[in-house]
Every structure is written in C-alpha cells, then in structure tokens.
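Data first, discussion second: the structure below is written as structure tokens.
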Amino acid sequence: MSMRDERLISLLVKELQRVSGLRVSILTHAGGDPDSICSAFVLKKILKEIFQVEDVSISVPESPTSHTKALLEYFSIDLAKNLQDIDVYLVVDVGSPEQLGEYCKIVFEEDKKVIVIDHHSDTENRYSPNVKVYSSDSYQSLCELIYDLAEHLELELDLKDAEALLIGIYYDTVRLSIADTETSRKICRLIDKGVNLSNVLSRLELGMDNSERIARLKGAARMKIYRFGDWLIVITNVKRFQSSVARSLILLGAHLALAVGEVEKDWLRASIRASQEFVEQSRINLGVDLAAKIGSSLGGYGGGHSSAAHFECRANLEDLSNRFIEELSQMLNLKPEVVEV
C-alpha cells in the first residue's frame, strides 16, 4: 500500500479517535463541490464504522450549487441545517475560514472543537492556533487523502464509496488531465471495485445552460491580453461563473487567466486558472503566490491549488488588474506588453 503522506494520515487517525461518541458536523465550503461532497460522504462512513460516532451530519454553507444538488441526490445525502448541539466541527476542503460563508461565525465564535482536513496550499497558516489542521498540498484532491485514510484503516469500500472518491478525484484533477502516477494508481484501484465512470458521470454531468455560455462568450470578448515573454496572460470581467470563464480562456489558448466579477460595490470575486506548462515552468503557485497574497493584502482572502485558485478582496476592477499584472511582472521578472485585439 502506498500513500502520499503516511505521517499526516497517522496523526489524523489519532485525532479522529478522540471524537468517538461525540456529535460531529462535517462542513464543506460554501456551495460545496464534487471533491468536498464526496469526501464528506466517505468520511461520514469512516466516522460511523471505524470510530463509533453515531451522530454525524453533513452541512453545506449557503445554497448548494446545481452540481452539488445532483451529487446530494445521487448519494442520498440529507443536509443538516441546524449546527447547534454539535461537539465537533469537521471542516473539509476549506482552505480558509472565510470559505465557510454564513457558518464561519457559528463555527469559530463558539467554544467548540474544530478539525480541518484539507489539501490546499498554506491552509494551516490561515486558521487560528486552537484549530487542528491536517492538510497536505501533495494530494491532488481531498478525496485522494480520504482514500489513503480508508486504506490505512483497512475499511472495505463499497461501490458507492468508490464512486464518490473517483468522482472527487476526477473533478479536482480537471477531469484527470493533471492526474499524476500516484493518483492514476488509485483511480485504477477504484475502477477495479466495479465503478463505471462514464455511466456515473452521464448521470451527474449537467449540461451548460445559456447563462454560463453567455458568461464565457462575454469573458472572451472583454479580455485584455498581456504578453510576458512567451507567456500569454489574460484578464476579463464577468458578473458570474468566474471559474468557468477562467477555465474556458485557458482552453482558448491563454497560459494564465484571471476572471473577476463585482459581488457588491468595490468587493470583487476572482478566479485564476493556469496551464500545466505555465505552472511547471514558472514555478508560480496560484493559490499561495497570487490568490492568498493579493486577497489578504486587499482586505480579503484567497487560496487554492498551484494551477487553480480564487480570492475575494476590496478593490475596483482597474486597481485589481494593475496589482495582478505588477505581481506577475515581479515574479516572472518580465515587463508586460499589451497585445492589441
């Protein structure tokens, strides 16, 4: 059996042993996503069957996304709304406290035990010292970390468990496009349990509605292109679907894309995506070097992975764009050239 971080898994097991008999609430980030929902699903089984935690609930802050709703229905997950009478909050796939949205104050203002399990960059430094954080960005998805936990505990995964872990890995590796050798081995083991990935995805993949299509088209029409040597960096603004728009601009040919939208006056939400070529050669980690740095410096927050990140901050579009380009210029040690379109 191989795992990426055996020490982390061993420490996490010792921590989870202490929640036996307590009331546990598993929390995802606001809206949820496949990796967080599927991790929560299998983690609930681990708590019940291995650690004898009878009272375990799953909650998603704010409104679940349409994709999250499809997963909740497929895995028959009933969300709990009441976070009172909880002994332990188990926060999964949440790189910073602010991502808990409406639940942030409830979780951290009460004198309750909080355990964070994550795989984003620099997560440990974003929580107060009294929060127990078990995180390693060597994992490509949280579902992969939960897979290692289940293997370490010798838990027999059934078909639904295998489907859940494979779905989380699939989406957080950008539909397996960045899956490395270790992740690929685990994918094969999960498929060996009888998972028909194409069949599962056909039931979960939602067609893109026209509002998202229009956002992508507007994002492409509004983008400003900068050339940093051989790198093509684009910035655009759209009201919604920032992550989808940024992702689509990479597919169009950009090496790095920033999509920004105004949530309210002078409060912006942004998503960053980069090609693997850019990440590997520039050695820039989008989550740590750009999202977290810019977000916190402008009165907000941010984080993510090496090739995908997001942040929110207090600024206007022009100032944020200028700041983003300045940061990149320093990191790449190159002066940008605006490409006329």
Side-chain angles (χ1 to χ4, degrees), residues 1-6 8-9 28-29 32-43 67 71 74-75 92-93 95 117-121 123 135-152 157 159-206 243-244 246-251 254-257 271-288 303-310:
M1 180 181 69
S2 63
M3 60 178 66
R4 290 190 192 270
D5 195 332
E6 189 170 359
L8 176 74
I9 298 299
T28 73
H29 52 74
D33 72 353
D35 192 30
S36 61
I37 294 297
C38 294
S39 295
F41 176 76
V42 179
L43 185 58
H67 209 156
L71 286 165
Y74 184 78
F75 290 107
V92 298
D93 201 36
I117 307 176
D118 191 45
H119 70 115
H120 296 96
S121 303
T123 298
S135 179
S136 171
D137 63 3
S138 64
Y139 285 96
Q140 293 193 306
S141 65
L142 187 60
C143 275
E144 188 194 350
L145 190 156
I146 299 299
Y147 176 94
D148 274 1
L149 176 63
E151 286 277 290
H152 180 84
L157 299 172
L159 180 58
K160 279 291 187 190
D161 302 325
E163 286 178 340
L165 294 177
L166 191 49
I167 287 168
I169 292 171
Y170 175 81
Y171 283 107
D172 252 38
T173 56
V174 196
R175 292 167 171 78
L176 306 184
S177 65
I178 62 170
D180 62 15
T181 303
E182 176 65 18
T183 299
S184 298
R185 278 197 292 263
K186 290 168 182 171
I187 290 166
C188 292
R189 291 183 203 141
L190 290 168
I191 290 175
D192 280 344
K193 293 184 178 292
V195 178
N196 185 326
L197 185 57
S198 62
N199 182 52
V200 175
L201 293 175
S202 68
R203 298 172 64 179
L204 295 176
E205 288 275 19
L206 302 174
S243 61
S244 176
R247 193 165 58 247
S248 70
L249 294 177
I250 298 300
L251 294 175
H255 293 103
L256 185 148
S271 285
I272 320 172
R273 294 292 185 274
S275 67
Q276 279 303 109
E277 177 189 10
F278 179 86
V279 172
E280 291 169 2
Q281 294 186 27
S282 72
R283 298 187 179 277
I284 292 175
N285 183 306
L286 302 190
V288 175
H305 308 285
S306 59
S307 60
H310 64 275

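Heavy-atom basis, side chains included; hydrogens, waters and symmetry copies ignored.
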Working for side chain to side chain contact (heavy atoms under 4.5 Å, CB included), residues Asp137 and Asp118:
CA-CA 8 Å; Asp137 63 3; Asp118 191 45; over 6 Å; no

For a side chain to side chain contact (heavy atoms under 4.5 Å, CB included) check, start with the C-alpha distance between Arg273 and Ser243, then their side-chain angles and the critical distance, and finish with the verdict.
CA-CA 8 Å; Arg273 294 292 185 274; Ser243 61; 3.3 Å; yes

Audit row: Phe75, Cys38, side chain to side chain contact (heavy atoms under 4.5 Å, CB included) steps and yes/no
CA-CA 9 Å; Phe75 290 107; Cys38 294; 4.1 Å; yes

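Within the structure, no pair that satisfies the ring pair (Phe, Tyr, Trp, His ring centres under 6.0 Å) test touches residues 173-201, not counting sequence neighbours. Applying the salt bridge (Lys or Arg N to Asp or Glu O under 4.0 Å) test to pairs two or more places apart or on separate chains, those with a residue in residues 192-203 are Glu156-Lys193. Residue pairs satisfying the ring pair (Phe, Tyr, Trp, His ring centres under 6.0 Å) criterion with at least one member in residues 163-196, sequence neighbours excluded, are listed as follows: His67-Tyr171.
Of the inter-residue distances, the one linking Phe41 atom CZ with Leu71 atom CG reads 10.5 Å to the nearest 0.5 angstrom. From Ser306, atom OG reaches atom NE2 of His120 across 11.0 Å, with rounding to the nearest 0.5 Å. How far OG1 of Thr123 is from CG of Asp93: 9.0 Å, rounded to the nearest 0.5 Å. Put simply, OG on Ser36 and CG on Leu43 are 12.0 Å apart, with the number rounded to the nearest 0.5 Å. A distance of 13.0 Å separates OH of Tyr139 from CG of Asp35, quoted to the nearest 0.5 Å. Note that NE2 of His119 and OG of Ser39 are 7.5 Å apart. Values are rounded to the nearest 0.5 Å.
Every residue meeting the side chain to side chain contact (heavy atoms under 4.5 Å, CB included) condition with Leu159, not counting sequence neighbours, appears here in chain and number order: Glu163, Val195. Judged as a side chain to side chain contact (heavy atoms under 4.5 Å, CB included), and not counting sequence neighbours, the contacts of Thr183 are Arg4, Gln140, Glu144, Ile169, Thr173, Ala179, Asp180, Ile187.
Nearest heavy atoms, Asp148 versus Met3: OD2-CB, 2.9 Å. When all heavy atoms are compared, the tightest approach of Ile178 to Asp172 is CD1-O, 4.3 Å. When every heavy atom of Leu157 is checked against every heavy atom of Ala150, the shortest pair comes out as CD2-CB, 4.0 Å. Between Ala40 and Val92, the shortest heavy-atom contact is CB-CG2, 4.5 Å. Taking all atoms of both residues into account, the shortest heavy-atom contact from Gly168 to Cys143 is CA-SG, 3.6 Å. A pairwise comparison of heavy atoms in Ala274 and Ile250 identifies CA-CD1, 3.9 Å as the closest pair.
For the pair Val288 and Ser121, the minimum side-chain heavy-atom distance is below 4.5 Å. Inter-residue side-chain proximity for Ile37 and Ile167 is flagged as unmet; no heavy-atom pair is nearer than 4.5 Å.
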Side chains of residues 276-284: which donor-acceptor partners sit under 3.5 Å, not counting sequence neighbours?
unit_1 : atom_1 : unit_2 : atom_2 : d
Ser282 : OG     : Phe278 : O      : 2.6
Ser282 : OG     : Ile284 : N      : 3.2

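The one candidate from Val42, Ile9, Ile117 that meets the side chain to side chain contact (heavy atoms under 4.5 Å, CB included) condition with Leu149 is Ile9.
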